[in-house]
Novice: 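Structure provided below as structure tokens; questions to follow.
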Amino acid sequence: MKKLMLIAIALLTLNATAQDKKIKKGHLNDLSAEEVATLKTKKLTLHLDLTESQQEKVKTIVLEEAKYKENQRAVHKKKKKDETSKKLSKEDRYAMANERLDRQIEMKKQMKAVLNAEQYKKWEASLSKKNQKKRKALRGKKSDKKQ
């Protein structure tokens with residue numbers, strides 16, 4: 001009887017933690033571009049100690065990026081509904097990667113114009129940490145698919 005209770009508690013615990021991860025995954029996807037921009041600007045203000053004028057400039061940059069991402073998400077959803085698991089061609093993947101990198105370069109230029117040297121260095125360091133986390137997460141997903 002005790003073993004049965006332990007197994008039931010373990011299953012309930014695992015189920016609850018799995019649901020928490022699902023909820024956390026899309027926490028910014030359901031917000032508007034303005035809300036995302038406000039939240040990201042406030043996080044950057046706390047992290048980089050931005051002045052009022054820097055906050056306004058950063059918010060416009062982040063808002064532009066959030067609107068673009070919102071638009072891309074809508075386009076992706078529409079394509080996903082229209083086409084059933086159609087893979088992108090080599091040229092399409094190249095064009096998308098090129099566009100993404102151009103946007104990243106432009107954002108870096110804009111942020112460099114707004115932030116001072118110390119803030120910019122700190123901001124770049126936080127970007128590299130985020131990218132490392134994303135790569136680790138992707139590696140984990142790829143290994144899960146192989147099994």
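Numbering of residues begins at 1 and proceeds along the displayed sequence. No hydrogens, no waters, no symmetry mates; every other heavy atom, side chains included, goes into these values.
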Novice: Calculate, to the nearest 0.5 Å, the distance between atoms CG and NZ belonging to Leu46 and Lys43 respectively.
Specialist: 10.0 Å

Novice: Please assess Met111 against Leu44 for the test side chain to side chain contact (heavy atoms under 4.5 Å, CB included), listing each intermediate value before the final yes or no.
Specialist: CA-CA 11 Å; Met111 291 298 278; Leu44 285 172; 4.2 Å; yes

Novice: So, do Lys67 and Glu64 sit near enough that their side-chain heavy atoms are less than 4.5 Å apart?
Specialist: no

Novice: Counting heavy atoms not belonging to Lys69, are there more than 12 under 6.0 Å from its NZ?
Specialist: no

Novice: Hey, does the side chain of Gln119 reach the backbone of Asp49 with a donor-acceptor pair shorter than 3.5 angstrom?
Specialist: yes

Novice: Quick check: do Trp123 and Lys108 have side-chain heavy atoms less than 4.5 Å from each other?
Specialist: yes

Novice: Which heavy atom of Gln110 sits nearest a heavy atom of Ile61, and at what distance?
Specialist: OE1-CG2, 3.4 Å

Novice: Judged by atom type as modelled, is there a donor-acceptor pair below 3.5 Å linking the side chain of Gln54 to the main-chain atoms of Val114?
Specialist: yes

Novice: Quiz question: by atom type and distance under 3.5 Å, do the side chains of Tyr120 and Glu124 form a donor-acceptor pair?
Specialist: yes

Novice: Within this structure, what is the OG1-CD distance for the pair Thr45 and Glu52, rounded to the nearest 0.5 Å?
Specialist: 8.0 Å

Novice: Going by heavy atoms in the side chains, are Leu50 and Leu115 under 4.5 Å from each other?
Specialist: yes

Novice: Taking all heavy atoms of Ala33 and all of Ala66, pick out the closest pair and write down the distance.
Specialist: O-CB, 3.7 Å

Novice: To the nearest 0.5 Å, what is the distance between CD on Glu65 and OG1 on Thr60?
Specialist: 12.0 Å

Novice: If you measure from NZ on Lys122 to CG on Leu48, what distance do you get to the nearest 0.5 Å?
Specialist: 6.5 Å

Novice: What distance separates Lys77 NZ from Arg73 CZ, expressed to the nearest 0.5 Å?
Specialist: 7.5 Å

Novice: Is it the case that over 12 heavy atoms from other parts of the model lie below 6.0 angstrom from the OH atom of Tyr68?
Specialist: yes

Novice: Could you tell me the separation between the CD atom of Glu91 and the CZ atom of Arg93, rounded to the nearest 0.5 Å?
Specialist: 8.5 Å

Novice: Do you know the tightest heavy-atom contact between His47 and Ser126?
Specialist: NE2-CB, 3.9 Å

